[in-house]
Amino acid sequence: MFSLNGSSFLNNSLSGVSKSLTQSTQRKISAPSVVVASVSSNGRPADRNVSVLMENTLKEMRENAAPSSSSSSPVTEKESKSTVGGGVEDVYGEDTATEDQYITPWTVTVASGYPLLRDPHYNKGLAFGEKERDAHFLRGLLPPVVVSQALQVKKMMANMRQYQVPLQRYMAMMDLQERNERLFYKLLIENVEELLPVVYTPTVGEACQKYGSIFRQPQGLFISLKEKGRILEVLRNWPEKKIQVIVVTDGERILGLGDLGCQGMGIPVGKLSLYSALGGIRPSACLPVTIDVGTNNEQLLNDEFYIGLRRRRATGQEYAELLDEFMTAVKQNYGEKVLIQFEDFANHNAFDLLAKYGTTHLVFNDDIQGTASVVLAGLITALNLVGGTLSDHRFLFLGAGEAGTGIAELIALEISKQTNIPVEEARKKIWLVDSKGLIVKSRVESLQHFKRPWAHEHEPVTTLLDAVKTIKPTILIGSSGAGRTFTKEVIEAMTALNEKPVILALSNPTSQSECTAEEAYTWSEGRAIFASGSPFSPVEYNGEFYASGQANNAYIFPGLGLGLIISGAIRVHDDMLLAASEALAEQVSQENLDKGLIYPPFSNIRKISAQIAARVAAKAYELGLATRLPQPENLVKHAESCMYSPNYRNYR
Ligand SMILES: O=C([O-])CC(=O)C(=O)O
Ligand SMILES: [Mg+2]
């Protein structure tokens with residue numbers, strides 16, 4: 001809650017207000033704060049506007065108390081509006097205003113009492129202690145019992161498990177986040193394996209598809225073409241000023257679900273809650289952004305509940321100008337060191353945006369680079385099970401978009417480093433199949449630029465199955481966004497070629513996974529080393545249980561972000577992604593490997609994130625890209641000490 005402790009501004013300009021407040025509430029108020037609801041949705045007004053708005057507010061109070069017929073009318077439609085104001089003893093003048101008059105939606109409150117229960121940053125619900133209830137005017141607003149945060153977690157988890165429908169669980173989690181932020185993060189951190197599929201893939205995919213219907217509160221900034229020329233102003237409307245991480249999408253390629261327009265907002269919101277829960281970035285330092293340039297999704301354009309611009313997507317200059325204004329405004333408002341994560345942009349923009357802003361801003365693309373880093377980590381680990389070095393293997397991808405080419409490039413980079421061969425040579429061990437078949441030299445003219453490095457000499461091959469048979473890969477990676485494309489024949493062919501075929505079905509959510517865990521284990525007769533982007537439960541095959549890992553960038557971006565922030569990095573470098581991969585791979589224990597797992601369990605993720613952060617930060621210092629000097633001696637300890645804790649604080 002915005003608080004102006006003992007300020008003379010408050011005493012001077014608000015004496016009238018506090019007097020009426022004191023009269024109306026019949027209690028002593030020690031530290032009132034002012035909230036002008038038109039400035040802030042959560043009660044934290046932007047300082048710059050407070051005095052102006054308060055002046056206007058006080059003026060309106062006076063005017064509204066004696067409505068004047070001469071005030072100009074905002075009503076233009078021919079609607080029957082009452083011109084009679086209501087409200088007996090309407091101290092604040094909100095009801096005596098007629099429907100024809102403008103008013104500022106304002107409230108006057110104290111930094112305690114009822115509004116405290118309504119402020120998600122500070123609310124503790126039944127966990128407010130006896131002294132706090134006295135000191136903060138909470139008596140009577142809560143039932144007598146005082147409970148611990150642990151008991152609240154237990155109760156919320158029990159409630160959560162009652163819901164059978166995943167989307168209900170998602171909505172219950174969002175409600176909690178809007179009601180009691182610390183409890184939300186406590187729940188998520190302590191039950192990460194159970195709740196990740198709720199706030200993240202796969203459920204977040206369905207939430208985005210239905211976002212128009214379930215939208216309740218803004219959880220991030222919507223920047224549409226309507227805001228062109230005013231993006232800096234829009235950024236300043238966000239209540240938090242010290243932003244460290246922005247996740248931004250334009251909604252064109254949400255997971256493997258395609259164009260969901262403005263409703264893609266669920267993705268930045270979900271990613272940033274993972275930044276806090278998994279990577280320990282303060283929630284108030286995180287800003288989800290959705291850029292709305294329209295949608296080409298006909299179903300959404302015809303959906304009466306759609307929340308975005310009802311127009312087809314802007315492209316070319318119109319698109320580039322809006323993005324450029326956004327990127328410039330972000331740097332201007334938050335400085336050089338704010339991290340911007342591009343998320344779920346379509347291929348045709350993703351690569352260009354990364355190339356354009358990679359040299360001027362602290363940016364990375366999660367789908368290209370985050371996914372690459374997590375997959376490389378899984379492959380480094382898988383070598384313990386299948387033998388050989390990276391360069392001994394042959395890689396085949398289904399899908400040659402952001403994830404496919406991003407992973408391929410990072411593998412090539414690592415092979416090149418390990419073997420001292422040029423990266424161009426290393427690329428030859430890697431083959432990609434797109435919707436038109438194997439990417440080969442003869443297709444080079446018609447290929448998008450990001451696919452060209454992968455066009456090797458070969459006869460044309462049109463199907464994945466034929467590609468498997470001719471390329472004879474040891475590792476098969478699905479990054480196509482197209483579900484059930486690793487057919488029985490494909491997996492059987494991989495199994496015929498390899499003692500232990502490595503099969504990664506990366507596409508999200510579960511409906512778009514190239515195959516299920518059950519299919520992978522059954523069709524490979526239990527021999528596959530399998531991981532997937534969205535989680536699968538353990539599978540029983542021939543009386544044995546097979547647990548699979550989750551090859552999802554959620555292992556990487558929270559730790560990567562933390563490492564960039566604690567070092568004050570100003571650019572993201574590929575070597576940081578390699579460092580993150582190595583750090584993650586090192587966290588896989590022999591016990592995990594014995595179970596066929598190529599990723600560590602998510603239950604240890606905060607420790608893992610600290611390791612990744614330390615390695616990334618060390619790389620930033622080594623490359624001269626860090627600005628927080630001197631370099632801390634023990635970076636792991638330092639990373640851990642910087643992490644947000646969701647435990648309640650005591651209020652004086
Ligand atoms: O969000 C996820 O689960 C992973 C990801 O970036 C994507 O699929 O686009
Ligand atoms: Mg993504």
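Everything quoted here is computed from the prediction, not taken from an experiment. Values below: all heavy atoms of this structure, side chains included; hydrogens, waters and symmetry mates excluded. Position 1 is the first residue of the sequence; numbering continues from there. Both counts, for ligands and for their atoms, begin at 1 and track the order of listing.
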*Salt bridge or not for R606 and E190, using N-O below 4.0 Å?*
no

*Run the salt-bridge test on R571 and E336 with the 4.0 Å N-O cut-off and return the result as yes or no.*
yes

*Can you tell me which residue and heavy atom of the protein come closest to atom 9 (O) of ligand 1, and the distance to 0.1 Å?*
R253 NH2, 2.6 Å

*Can we say K488 and E519 salt-bridge, meaning some charged N sits less than 4.0 Å from an Asp/Glu carboxylate O?*
no

_Protein heavy-atom partner closest to atom 3 (O) of ligand 1 - residue, atom, separation in Å_ = N552 ND2, 2.9 Å

*Classify the ring geometry between Y357 and H361 as parallel (under 30°), tilted (30 to 60°) or perpendicular (over 60°).*
perpendicular

*Tell me, please, if D366 has any N/O/S atom, main chain or side chain, under 2.8 Å from the Mg ion (ligand 2)?*
no

*If you measure from each non-hydrogen atom of D367 to ligand 1, which part falls under 4.0 Å: side chain, backbone, both or neither?*
side chain

_Under 3.5 Å: N/O of K271 near N/O of ligand 1_ = yes

*asked:* Please determine whether a side-chain nitrogen of the Lys or Arg among K417 and D575 lies less than 4.0 Å from a carboxylate oxygen of the Asp or Glu.
replied: yes

*Using a strict cut-off of less than 4.0 Å between a Lys/Arg side-chain nitrogen and an Asp/Glu carboxylate oxygen, indicate whether E298 and R312 qualify as a salt bridge.*
yes

*Atom name of the N, O or S atom in D344 that lies nearest to the Mg ion (ligand 2)*: OD1

*atom 4 (C) of ligand 1: the protein heavy-atom neighbour that sits closest, reported with distance to 0.1 Å*: N508 ND2, 3.3 Å

_Taking atom 2 (C) of ligand 1 as the reference point, the nearest protein heavy atom with its distance_ = Y200 OH, 3.3 Å

*asked:* Please report whether the ring centroid of F364 lies less than 6.0 Å from that of F342.
replied: no

_Protein heavy atom at shortest distance from atom 5 (C) of ligand 1_ = N553 ND2, 3.5 Å

